[in-house]
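Here's the structure we're looking at; comments come further down.
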Number of protein chains: 4
Amino acid sequence: MTSASTAPADQDRKAPGRPRSARADEAIIDAVLDLLAEGLSADTMSIEAVAARAGVGKATIYRRWPNKDALIVDAVASMKGPVPVVRGESVRDDLIALLSRVGQSTDGRTAKVMSCLLPEIQRNTNMHGCYQSVIEPRRQVMRDVLERGVRTGVLRPDLDVELALSLLSGPVLLQSLLQWNPAVDSRDLATRVVDAVFAGIAGPAQR
Amino acid sequence: MTSASTAPADQDRKAPGRPRSARADEAIIDAVLDLLAEGLSADTMSIEAVAARAGVGKATIYRRWPNKDALIVDAVASMKGPVPVVRGESVRDDLIALLSRVGQSTDGRTAKVMSCLLPEIQRNTNMHGCYQSVIEPRRQVMRDVLERGVRTGVLRPDLDVELALSLLSGPVLLQSLLQWNPAVDSRDLATRVVDAVFAGIAGPAQR
Amino acid sequence: MTSASTAPADQDRKAPGRPRSARADEAIIDAVLDLLAEGLSADTMSIEAVAARAGVGKATIYRRWPNKDALIVDAVASMKGPVPVVRGESVRDDLIALLSRVGQSTDGRTAKVMSCLLPEIQRNTNMHGCYQSVIEPRRQVMRDVLERGVRTGVLRPDLDVELALSLLSGPVLLQSLLQWNPAVDSRDLATRVVDAVFAGIAGPAQR
Amino acid sequence: MTSASTAPADQDRKAPGRPRSARADEAIIDAVLDLLAEGLSADTMSIEAVAARAGVGKATIYRRWPNKDALIVDAVASMKGPVPVVRGESVRDDLIALLSRVGQSTDGRTAKVMSCLLPEIQRNTNMHGCYQSVIEPRRQVMRDVLERGVRTGVLRPDLDVELALSLLSGPVLLQSLLQWNPAVDSRDLATRVVDAVFAGIAGPAQR
DNA sequence: CGTTAATCGAGACGGTACGTCCTGTCTTCGG
DNA sequence: CCGAAGACAGGACGTACCGTCTCGATTAACG
């Protein structure tokens, strides 16, 4: 996933010279996440600070990533961990479980860092690769759940899956992005969103 | 609205010396919007570039705004124009009208600039004032429409208005933020979102 | 003399904007001379160290001089002080006086710094301006003395003045450049060189 | 002469392992001389460029020389070739012959490189070894010629040999160092210097 | 003939300095 | 007093080398 990963099977030829230090990779990624968690934005964070924190020369960073954006993309991607797996029984429970993970993580700093990712994407062309590696796989899991729901009749047969994807993830993402209310419980919000989207908001006069 | 605007009627005392040039104000705001429309982010945009584009000295900018963030907030706020007014007949039509305006504008550059605003808010404390002056008024208009819907029975009597606000604006904002599909028509998306949220996505097996 | 000297009479138009600080000029030159006197060579000396020592930003240095070489040339030139004036009575005494000053100065650091100048000249094209501003004026003084000697008959009527210039200054400069023997007294060496060049080294068998 | 030359007779123990490549030695020295001849100074020349030009790893250079200065000293020393031998008949002709070689060589690049040597000596302590191996032997040859001249009566009996050494070599070295006039013929200059120093420059009024 | 050990090329390592650019403040001038 | 122009101290940028190190692959002489 890391752009600098020297896939050993890419070519049978292995690279000459001293191999790159895995410890440096870790230290750099860790330093980026630390600094992001300390509240620095992607632009405020300086490469020099990353190098100092990681105990690494600047060149060691620039050897691996062409620019700060690529570095941050990789750092964030590494933090997200594996793509979640759903239980596959209840469509509603699966959706709640998936949405609960948005903007939350076992690791404390994940929550702070995650919201740095989306903003950069739309305004920074270099960040578009991030979408592919991080966001899209998770969207695909949710898409699968929705299609299963259509097949089993839990969801409307004429459902626009992409639209439903937006209906569900939009509100949750917006909350984590803008943190209008940081006290909101992630699981509780997810439950309320799923239920409301399932049932609709129309009243008696509408039907 | 401009934080530095020396409202002449604010005090009976008139300012001594040369009054500030209104032309400079306009030129500066215009330059900021131009640069944002050209794709620069709030951080990439340098004050020096704004000054050069506006044909103005840097001091003239710093005399009016304490820092770059405040300048951008004002620039974006000035661009959004007046708070929209709804027709007040059909709740559904009013919601569609409001959501259609998100991420779109008569002015071509508005669409590009708007999505620069939200990302900055949650990570930049200086930007929180922006929320108050730009976003919240528009949320209030939609909140009013939703409450009217509850009263008239078009919406559920037990509706959580804030949640409904998120359900409706989340998907639309997310689309404009991430521009997953730039070809999406703004009005069409708004219509589909409103209808889906009204009716819900649950299928026959669910009921 | 300073390349950055904003000659006020150069144009009747005076520069707009804030004028350059004379204190910064002095502080920078002083820092360069200090560092050179501490034994750093022209290459070992870093611009960053100069800026730190002078309490000045790097940009303030680069605004005045295009590169390190030009800075050093100016620093050394400023140190040499005014072109010496001879008494004009005895040709021999004038030559001894002029040669004594080579590689020596009342200021302690001058001696250490001076020898940094010549080596750079021949190998660094940027340094050629230094020759014009520092060395050549002093050569001209000695040239005048020699021509006076030819007119008064103290020196041969067919004397090649340029060659004599080399005969006299070569040995003295070489001593100061290479410091083969740092204990050599500057005035004593000058006296012995002048007398030997006057009389020649040929023995009885030669005449 | 090479400081790193593992004299095989130095110890009876011969080194185990793969012996050092003589081709690498040559290639490195050659690359240094090439780069110097291309106008790079001792400091401008980077070890990395030497390694690249020589087709050699950097470690192969650092295994042989402790630093750049030592490398350059050896490179220049190797270029100077053997100490010249004089014919021993005419003192004047021998001196002219010796001085003509200063700053000139059959090899085209020698002339360019030689003047890089002296400047470094006096300001770079690491270079002092260079004086011993290159310059002093040549000075000794000239010293012998001068002492022979004193014995045979061609030169003054009370001649200060060291001073005479400076009188003769100073002007010639200075010319090659500063290249005030690159068109000067080396042999012609030597002749004029020797004759002038022999005869002195004093005129009729002096005697 | 296989072991051993120093060599080779290549290049990554932690650093330092480069020269450029931008920030937010200041200092001058003319209007 | 305002406006423009621009200098100021500071600091991050991305590049280039430094001198050291770590690789796999040679390349001899020794056992």
Side-chain angles (χ1 to χ4, degrees), chain A residues 14-21 23-24 27 43-52 54-64 66-68, chain B residues 6 15-21 23-24 43-49 51-52 54-63 65-68, chain C residues 13-21 23-24 43-52 54-68, chain D residues 6 14-21 23-24 43-52 54-68:
Chain A
K14 68 176 154 20
R18 176 175 174 175
R20 293 192 179 163
S21 156
R23 293 183 64 251
D43 311 78
T44 309
M45 189 192 69
S46 72
I47 293 277
E48 300 207 327
V50 174
V56 145
K58 270 199 295 180
T60 301
I61 298 180
Y62 283 110
R63 206 174 286 121
R64 290 165 161 74
N67 50 56
K68 188 154 54 170
Chain B
T6 46
R18 173 172 173 179
R20 291 190 180 166
S21 154
R23 295 184 59 252
D43 310 77
T44 308
M45 188 192 68
S46 74
I47 292 281
E48 298 211 324
V56 142
K58 273 197 297 179
T60 303
I61 297 179
Y62 282 110
R63 207 174 285 126
W65 292 275
N67 50 56
K68 186 155 55 171
Chain C
R13 301 206 324 88
K14 64 177 159 7
R18 175 175 173 175
R20 292 192 180 164
S21 156
R23 294 184 62 252
D43 310 79
T44 308
M45 190 192 69
S46 74
I47 294 276
E48 301 208 326
V50 174
V56 145
K58 271 199 294 181
T60 302
I61 298 180
Y62 283 110
R63 205 174 287 123
R64 289 164 161 77
W65 293 276
N67 50 56
K68 189 153 57 170
Chain D
T6 45
K14 61 175 162 8
R18 175 174 172 176
R20 292 190 180 164
S21 153
R23 293 183 63 252
D43 310 78
T44 307
M45 188 192 70
S46 74
I47 293 279
E48 299 210 325
V50 175
V56 144
K58 274 198 295 180
T60 303
I61 298 179
Y62 282 111
R63 206 174 285 125
R64 290 162 160 77
W65 293 275
N67 49 55
K68 187 156 54 171

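Protein chains get the first letters and strands the later ones, always in sequence-line order, with residue 1 at the start of each.
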Exercise. When the nearest nucleotide of DNA chain E is assigned to D:G57 and to A:A51 on a heavy-atom basis, which residue is associated with the more 5' position?
Worked result: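 Nearest nucleotide further toward 5': that of D:G57.
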Exercise. Side chain of D:R18, base of F:dT26: donor and acceptor closer than 3.5 Å?
Worked result: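 Result: at least one qualifying N/O pair found.
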For this session: Hey, which sits more toward the 5' end of DNA chain F by its nearest nucleotide, C:G55 or D:P19?
Result: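 It is C:G55 whose nearest nucleotide is closer to the 5' end.
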Over all heavy atoms of both residues, which pair between [X] and [Y] is shortest? Give the atoms and the distance, please.
{"X": "A:R64", "Y": "A:S21", "result": "NH2-O, 2.9 Å"}
{"X": "D:A24", "Y": "D:V56", "result": "CB-CG2, 4.3 Å"}
{"X": "C:A51", "Y": "C:G57", "result": "CB-C, 4.2 Å"}

Measure the distance from [atom1] on [X] to [atom2] on [N] and round it to the nearest whole Å.
{"X": "C:I61", "N": "F:dA9", "atom1": "CD1", "atom2": "P", "value": "9 Å"}
{"X": "C:R20", "N": "E:dC29", "atom1": "CZ", "atom2": "C1'", "value": "17 Å"}
{"X": "A:R64", "N": "E:dG11", "atom1": "CZ", "atom2": "P", "value": "15 Å"}

For this session: Report, as a single string ordered 5' to 3', how protein heavy atoms within less than 4.0 Å touch nucleotides 17-24 of chain E: B base, S sugar-phosphate only, - not at all.
Result: BBBBBSBB
Problem set entry | 4.5 Å side-chain heavy-atom contact, C:I47 and C:Y62 |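 Side-chain contact under 4.5 Å: yes.
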Exercise. Do D:T60 and D:R63 touch side chain to side chain, with heavy atoms closer than 4.5 Å?
Worked result: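 In short, these two side chains touch, coming nearer than 4.5 Å.
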Exercise. Is A:T60 near enough to E:dA12 that one of its side-chain N or O atoms lies under 4.0 angstrom from OP1 or OP2?
Worked result: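 No, A:T60 has no side-chain N/O under 4.0 Å of OP1/OP2 on E:dA12.
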Exercise. Would you say E:dC8 has OP1 or OP2 under 4.0 Å from some side-chain N or O of D:S21?
Worked result: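 No, no such contact exists.
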Exercise. CE/A:M45 to NZ/A:K68 distance, rounded to the nearest 0.5 angstrom?
Worked result: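 Result: 6.0 Å between the selected atoms.
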